[in-house]
> 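Dumping the structure here so I can ask a few things about it.
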Amino acid sequence: MASSGGGVRSFLPSARAGLGCEPAGLYVHVPFCSAVCPYCDFAVARAGEGDSSRYLRALLREIGLWRAPGALFDTIYLGGGTPSLLTAEELRCLFEALRDRFALTGDARLSIEVNPEDVDERAVNAWRELGVHTVSLGVQAFDDAHLRRLGRRHRSQQAARSVELVVAAGFDVVSVDLIYGLPDQSRSAWGEALDLAVGLGARHLSCYELTVHEGTPFWRWRQRGGLRLPGESARADWFLDTHRRLGALGWSGYEVSSFAASRGSRSRHNQKYWRHVPYLGLGPSAHSFDGRRRWWNVRSWKEWSAAVDAGDVVEAEEDLDAEALALEALMLGLRTSDGVDLERFRELCGHDLESERSTEIAELERTGLVESTEGCLRPTLSGMAIAESLALRLASDVLRSTPPAGAGNR
């Protein structure tokens, strides 16, 4: 990234080991929700009258603050928040601005996160006309009691109907978000939710363990003793149940929380985070990564909007040295079924993992946590469940701990 002050910035993917040759990704954060869920710690806010229009005007100005000479992009991902709160005309204006400003490949994938209550035939048809490839539905649960506890506005029947409508519209991929480990949720009920999502025609599932973040209403509820969640052993069982149940249906658990019915149904955009491929984030709180440097935007959407007017929305940035990049590559790669490509790791990070950590790799293979085949170090299912600790065990003493790249975007 060029320019540390105001004015136009340049997104320049790092040329290290050919990283810049792989198309980058575009992430756009839409901060608005009709209601803020009590477990959510994302940068979101309830939209007031006219806020979406003000947001869009600021976003278009931010797009104008960037140039990406020589860079190609093959994904646009609208996350949030609730991008489906934007009207079809607002989305069309946004997509046109992105296409005008950035060079997209001919097969670029456009993905949008939506809430079930925003799904109707008119909206679905509009998304199709805009060229949306993947629709990701924030269902979270198919049980009304769980939905109420999670603060969701839709109910189970509406959730199922929304999946059916989106599937019937013929999008390339329909993805469903679900949460497990809820209070009073049984493992059998969770299995039924997975079966229902698959039966409705979803081709991708994102299955997240309920996490209680400090400062959220759920965190305060737990502090008062009112929220009791499953223990560590039970959470591990749920994780294994999920991967095994979907695996039995022929699905691939290609990342800790991500499941696809086929290789073509995987999230091309999210895989950029796990593979250390550059991406540019736009909108409040959005993170970016050029291969060596990471930066992130002002979090509050109103403060971000004011920062756009001032000509610089970047709140902070950091340069990553070789050791930090190596540890991140391990942490992120071992979250995936593809694992760590050892030759690519050597080229990108300057470490020959196979020779430098041969004793540790052999021990992890002996204990059934990793497999070293075809030039890749892949976690087993048991290894994927403890991906972060695996990475730390493999990291040499000189590698320091840093947060994984892409943590700020979906």
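The first residue of the sequence shown is numbered 1, and numbering continues consecutively from there. Fair warning: this is a prediction, and the values are worked out from it, not measured in the lab.
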> Are Y279 and H287 near enough that their ring centres are under 6.0 Å apart?
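No.
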
> Scan side-chain atoms only and decide if R153 and S34 contain a donor-acceptor pair under the 3.5 Å cut-off.
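Yes, because at least one side-chain N or O of R153 sits under 3.5 Å from a partner of the opposite role on S34.
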
> Any heavy-atom pair between the side chains of L200 and F142 that's under 4.5 Å?
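Yes, at least one pair of side-chain atoms sits under 4.5 Å.
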
> Just checking, is any N or O donor in the side chain of S186 or S188 under 3.5 Å from an acceptor N or O on the other one?
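Yes - a donor-acceptor pair under 3.5 Å links their side chains.
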
> Please give me the minimum heavy-atom distance between G80 and V44, naming the atom from each residue.
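The answer is C-CG1, 4.2 Å.
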
> Side chains of W251 and S265: is there a donor and an acceptor less than 3.5 Å apart?
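Distance-only check fails for W251 and S265.
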
> So Y39 and Y208, ring pair (Phe, Tyr, Trp, His ring centres under 6.0 Å) or not? Walk me through it.
CA-CA 12 Å; Y39 58 89; Y208 303 107; over 10 Å; no

> Any pair with a residue in residues 81-108 that passes salt bridge (Lys or Arg N to Asp or Glu O under 4.0 Å), sequence neighbours left out, goes on the list, sorted by first then second residue, please.
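Sorted pair list: E89-R92, D107-R268.
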
> Can you say whether the rings of F218 and W221 are parallel (under 30°), tilted (30 to 60°) or perpendicular (over 60°)?
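Perpendicular, since the angle between the ring planes exceeds 60°.
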
> Would you confirm whether the ring centroid of F102 sits within less than 6.0 angstrom of the ring centroid of W66?
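So the answer is no for these two rings.
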
> Please report the shortest heavy-atom distance between A126 and A88, naming the atom on each side.
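In this case the closest contact between A126 and A88 is CB-CB, 3.7 Å.
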
> Using every non-hydrogen atom in the two residues, find where S162 and P116 come nearest and quote the distance to one decimal.
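Heavy-atom minimum between the residues: OG-CB, 3.5 Å.
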
> Is any side-chain heavy atom of R378 closer than 4.5 Å to a side-chain heavy atom of T336?
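Sidechains of T336 and R378: no contact.
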
> As a quick check of understanding, evaluate side chain to side chain contact (heavy atoms under 4.5 Å, CB included) for I112 and L130, giving each step before the final call.
CA-CA 11 Å; I112 182 172; L130 290 170; over 6 Å; no

> Looking only at non-hydrogen atoms, find the nearest pair between L205 and A197 and report the distance.
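So the minimum-distance heavy-atom pair works out to CD2-CB, 3.7 Å.
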
> Under the 3.5 angstrom rule, does the side chain of R152 hit a backbone N or O of G138 as a donor-acceptor pair?
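Yes; judged by distance alone, with no hydrogens or angles, the pair exists.
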
> Do R263 and S252 have a side chain donor and acceptor closer than 3.5 Å?
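Their side chains do not contain a donor-acceptor pair, so the 3.5 Å distance test is not met.
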
> Has R109 got a side-chain atom pairing as donor or acceptor with H133's backbone, closer than 3.5 angstrom?
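Flag not set: sc R109 to bb H133 has no pair under 3.5 Å.
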
> For the pair C207 and L194, evaluate side chain to side chain contact (heavy atoms under 4.5 Å, CB included) and give the outcome as yes or no after the intermediate values.
CA-CA 9 Å; C207 300; L194 295 174; 3.8 Å; yes

> Please report the shortest heavy-atom distance between T134 and V132, naming the atom on each side.
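Scanning both residues completely, I find the closest heavy atoms to be O-CG1, 3.4 Å.
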
> So W301 and V30, do their side chains get closer than 4.5 Å, heavy atoms only?
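No; the side chains remain at least 4.5 Å from each other.
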
> List the atom of L165, the atom of D120, and the distance in Å for their closest heavy-atom pair.
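Heavy atoms only, the tightest pair is CD1-CA, 4.2 Å.
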
> Does a side chain donor of either E62 or W304 reach within less than 3.5 Å of an acceptor in the other side chain?
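Per modelled atom types, E62 and W304 side chains form a pair under 3.5 Å.
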
> Give, for atom CG of N115 and atom OG1 of T82, the distance between the pair rounded to the nearest 0.5 Å.
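Interatomic distance, N115 CG to T82 OG1, rounded to 0.5 Å: 4.5 Å.
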
> Is the number of heavy atoms from other residues, nucleotides or ligands within 6.0 Å of CZ (R128) greater than 12?
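Yes.
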
> Check for me whether the distance between the ring centres of Y273 and Y27 falls short of 6.0 Å.
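No - the distance between ring centres of Y273 and Y27 does not fall below the 6.0 Å cut-off.
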
> Does any non-hydrogen side-chain atom of H204 lie less than 4.5 Å from one of Y254?
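Y254 reaches H204 side chain to side chain.
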
> State whether the number of non-hydrogen atoms from other residues, nucleotides or ligands found under 6.0 Å of Q157 atom CD is greater than 12.
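Open.
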
> Using distance alone, with no hydrogens and no angle criterion, decide if S10 and R67 have a side-chain donor and acceptor under 3.5 Å apart.
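Distance-only check passes for S10 and R67.
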
> Do R149 and D184 come close enough that some side-chain heavy atom pair is under 4.5 Å?
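Yes, at least one pair of side-chain atoms sits under 4.5 Å.
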
> Quick one about E113 and Y77 (side-chain donor to acceptor, distance below 3.5 Å, no hydrogens or angles considered), yes or no?
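Short answer, yes.
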
> Do T216 side-chain atoms and C40 backbone N/O form a donor-acceptor pair below 3.5 Å?
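No: the side chain of T216 does not pair with the backbone of C40.
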
> Given side chains that start at C-beta, do those of P183 and L210 come closer than 4.5 Å, heavy atoms only?
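A side-chain contact exists here, since the closest heavy-atom pair is under 4.5 Å.
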
